[in-house]
Trainee: 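Here it is, the structure in full.
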Amino acid sequence: MQAQGIKTADNLTVPGEVTRLNVSQLVLLATVMLAAMFTLTLPVAQLDGFVSRLLPNGGVDVDLRNTAKGFYSTAHFIAYIPFAFVWGALSDRRGTRKPFLLMGLIGQGIMYFILPLSPNIWLLYAGRFIEGIFAIAVVSMLMTMALDMAPSKRRGMTLGVFTLGMLLGNAGGAPLGGVLATRIGYQAPFWFGSILLLLMTAVVLFFVRDTPTLSQSYSFRQALNGLRENPRLYIPYGFSLLDRLTVGFFVGQFPVLAAEVYGLTPSQTGIYLAVFLAGFALFSPLGGLLSDRFGRIKPMLLGTVVYGLTLMLVGRVGPEMLFVVMAVGGLSGAVLYPPSIALVGDYAAPSQRGIAMGGFNLAGSIGFAAGPLLFSLIADATDLLAPPIVAGLLCLVAAAIAAPLLLRRSRSAVAQN
C-alpha cells in the first residue's frame, strides 16, 4: 500500500491519502467483519423464546411483553451510543486501530459465553449492554480501517466489497442460529459465536496490519469541535440513523411478527431474514460502484425510497410474496448503504477518520437502540402490522425532505469543479 499527497474533490491536497488498494488486507478485514456480523445475528431468530423464558409466566402476564423482548436488542445498541465515538476518538489519538479491535473481539467473545447463563431478565439486559460495548469497538475499528485503506477514486467500490463481507455474515448468522437453537438449545448460538470471535482474534493478531494513519493527540473536546466544524458529515450520519432505525424493526419486531402473524418457526424466520440480508450483501459492491460512477447522493435517495416502499408491504403480503419483498428490500439497502459510508471518507481528513466513523456509528447506534424499542412500543399500542408501515413512512418522508437539499448541494459541487 502506498500513500502520498493527492487532490480531493475540492482540489485540496491531502497528504497521506492512500493511492493503491491492498486487496489481501481488504479481504482479511471483510472476512473478520463477516465473522463479527455472523456472530451478531446468530441469536436473532430465537429472540422470542430466549427472552420469554426469563419473563414471568413466559411473558403472558406482562403488559408490555413486546417491549420487554425488544429491549433485549435495545440494551445492546444503547452501548453503541457513547462507545462508538469513544473507540474512534481513542484510536485517532493513539494513531492505531488494531489494539482496540483486539480488545473488542476478546471482550465480545467472553460476553457471548456468559449471556445464556444469565439467571434473570435484568442481568441479561446488563450483560447485553456490556457485550455491546465490545461489539461497537469491533465494528468501528473494522470500518475505519477499511476507510483508511480505500483510495478516494475507488472508495465506493472498496466499501461495497467490505459491506459484502459485513452483510454476508448477517445473512448467514440468522438461519444457522435458528437451526442451532431448535436442534440443540438456546445456548448453542451464543457459544458457537464465542468460539468464532476468539478465532478471529487470532486472525487479526497474526495477519491483519494496521493501516497507516496521520494522527495527533486529540482531546475529546477537540474531537467534538472537529465534527462541529465539518457539518457535511451530518449528511451520511442522518442516513445512517435512518437505515439503522428501520433495521431495528427487522432485529426486534420482525421475528415476533413472523411468529405471530405468519406462524413461522425460528428456523423459517431465519430464512426470510437471510433473503433480505443476502440481497443487501450481494449487491453492495454494485451500490459502491454506482456511487463511484454517479456520485453518492442519487443512489442514497433512490435506495431510501424503494426501501421504504418495500418495508410497508411486510405483513401485508402472503408468505410466498414476502420472499420477493425481502429480496427487493435487501437490494435497495445495498444501493443506499455503501454511498453513505463512502461520504464519511470523502468528507473526513485522514487523521480524523476514527472520530468521523465514530460519529457515523454513533448516529447508526442511536437508530439501532431506538428502533427495536420504538417498534415494540408501536406494536403494543396498536398491533404487529403497524411497525412496518411506520418504518416505511419514515424512509419516504426523510427522502422527500432530503432530496432538494442534497441534489442542490450535488449540483453546486459539480459547478465548482
Side-chain angles (χ1 to χ4, degrees), residues 1-3 14 16-37 39-40 80 83-108 134-152 154-169 197 200-215 218 223 236 240 284-285 288 337-338 340-362 364:
M1 182 164 11
Q2 294 180 353
V14 179
E17 186 64 73
V18 171
T19 59
R20 181 182 299 172
L21 178 63
N22 189 322
V23 176
S24 63
Q25 285 293 300
L26 174 61
V27 170
L28 277 172
L29 289 180
T31 300
V32 177
M33 180 60 92
L34 186 154
M37 294 298 101
T39 301
L40 186 64
Y80 285 25
F83 284 94
F85 183 76
V86 168
W87 292 118
L90 288 174
S91 74
D92 275 345
R93 183 169 186 173
R94 181 161 177 173
T96 183
R97 323 289 186 198
K98 185 173 174 177
F100 301 101
L101 174 58
L102 289 170
M103 281 189 279
L105 287 167
I106 294 170
Q108 191 181 12
F134 293 110
I136 191 57
V138 175
V139 173
S140 284
M141 292 303 98
L142 287 170
M143 292 177 74
T144 306
M145 291 169 82
L147 271 183
D148 288 339
M149 70 163 49
S152 60
R154 302 179 66 189
R155 188 168 285 140
M157 184 277 294
T158 301
L159 292 167
V161 171
F162 181 76
T163 304
L164 171 64
M166 177 193 302
L167 295 170
L168 281 178
L197 286 168
M200 288 302 104
T201 302
V203 170
V204 171
L205 182 63
F206 293 111
F207 300 108
V208 172
R209 297 200 303 269
D210 244 331
T211 47
T213 60
L214 298 177
S215 64
Y218 282 97
S240 176
S284 288
Y337 192 63
S340 65
I341 306 177
L343 273 182
V344 177
D346 292 345
Y347 294 159
S351 61
Q352 296 177 326
R353 287 192 185 128
I355 296 169
M357 185 52 69
F360 182 84
N361 283 313
L362 171 62

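A quick note: this is a predicted structure, and the numbers were derived from the prediction, not measured.
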Trainee: Write down the atom of P236, the atom of S340, and the distance for their closest heavy-atom approach.
Mentor: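 Closest approach of P236 to S340, heavy atoms only: CB-O, 3.2 Å.
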Trainee: Given side-chain contact (heavy atoms from CB on, under 4.5 Å), test L105 with L101 step by step and report yes or no.
Mentor: CA-CA 6 Å; L105 287 167; L101 174 58; 4.2 Å; yes
Trainee: Would you mind telling me which of V139, T144, L142 makes a side-chain contact (heavy atoms from CB on, under 4.5 Å) with M357?
Mentor: T144
Trainee: Between K98 and R209 (side chain of the first, backbone of the second, donor and acceptor by atom type, cut-off under 3.5 Å), is there such a pair?
Mentor: no
Trainee: What are the two closest non-hydrogen atoms of V138 and G104, and how far apart are they?
Mentor: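 Answer, listing the atom of V138 first, then G104: CG2-C, 3.4 Å.
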Trainee: Looking at A30 and V161, what are the two nearest heavy atoms and their distance?
Mentor: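 Here A30 and V161 meet closest at CB-O, 4.4 Å.
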Trainee: Apply side-chain contact (heavy atoms from CB on, under 4.5 Å) to R155 and L159, showing your working.
Mentor: CA-CA 6 Å; R155 188 168 285 140; L159 292 167; 3.7 Å; yes
Trainee: Answer yes or no: is there a donor N or O on one side and an acceptor on the other, between the side chain of S140 and the main chain of I136, under 3.5 Å?
Mentor: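 Flag set: sc S140 to bb I136 pair under 3.5 Å.
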Trainee: Could you check V344 against M143 for side-chain contact (heavy atoms from CB on, under 4.5 Å), going step by step and ending with a plain yes or no?
Mentor: CA-CA 11 Å; V344 177; M143 292 177 74; over 6 Å; no
Trainee: Apply side chain to side chain contact (heavy atoms under 4.5 Å, CB included) to A135 and list each qualifying residue two or more places apart in sequence or on a separate chain.
Mentor: H76, Y80, Q108, E131
Trainee: Among residues at least two apart in sequence or on other chains, which ones pass side chain to side chain contact (heavy atoms under 4.5 Å, CB included) with L168?
Mentor: L34, L164, A281, L282
Trainee: Taking Q25 for its side chain and F207 for its backbone only, find out whether a donor-acceptor pair lies under 3.5 Å.
Mentor: yes
Trainee: Given side-chain contact (heavy atoms from CB on, under 4.5 Å), test V203 with T31 step by step and report yes or no.
Mentor: CA-CA 10 Å; V203 170; T31 300; over 6 Å; no
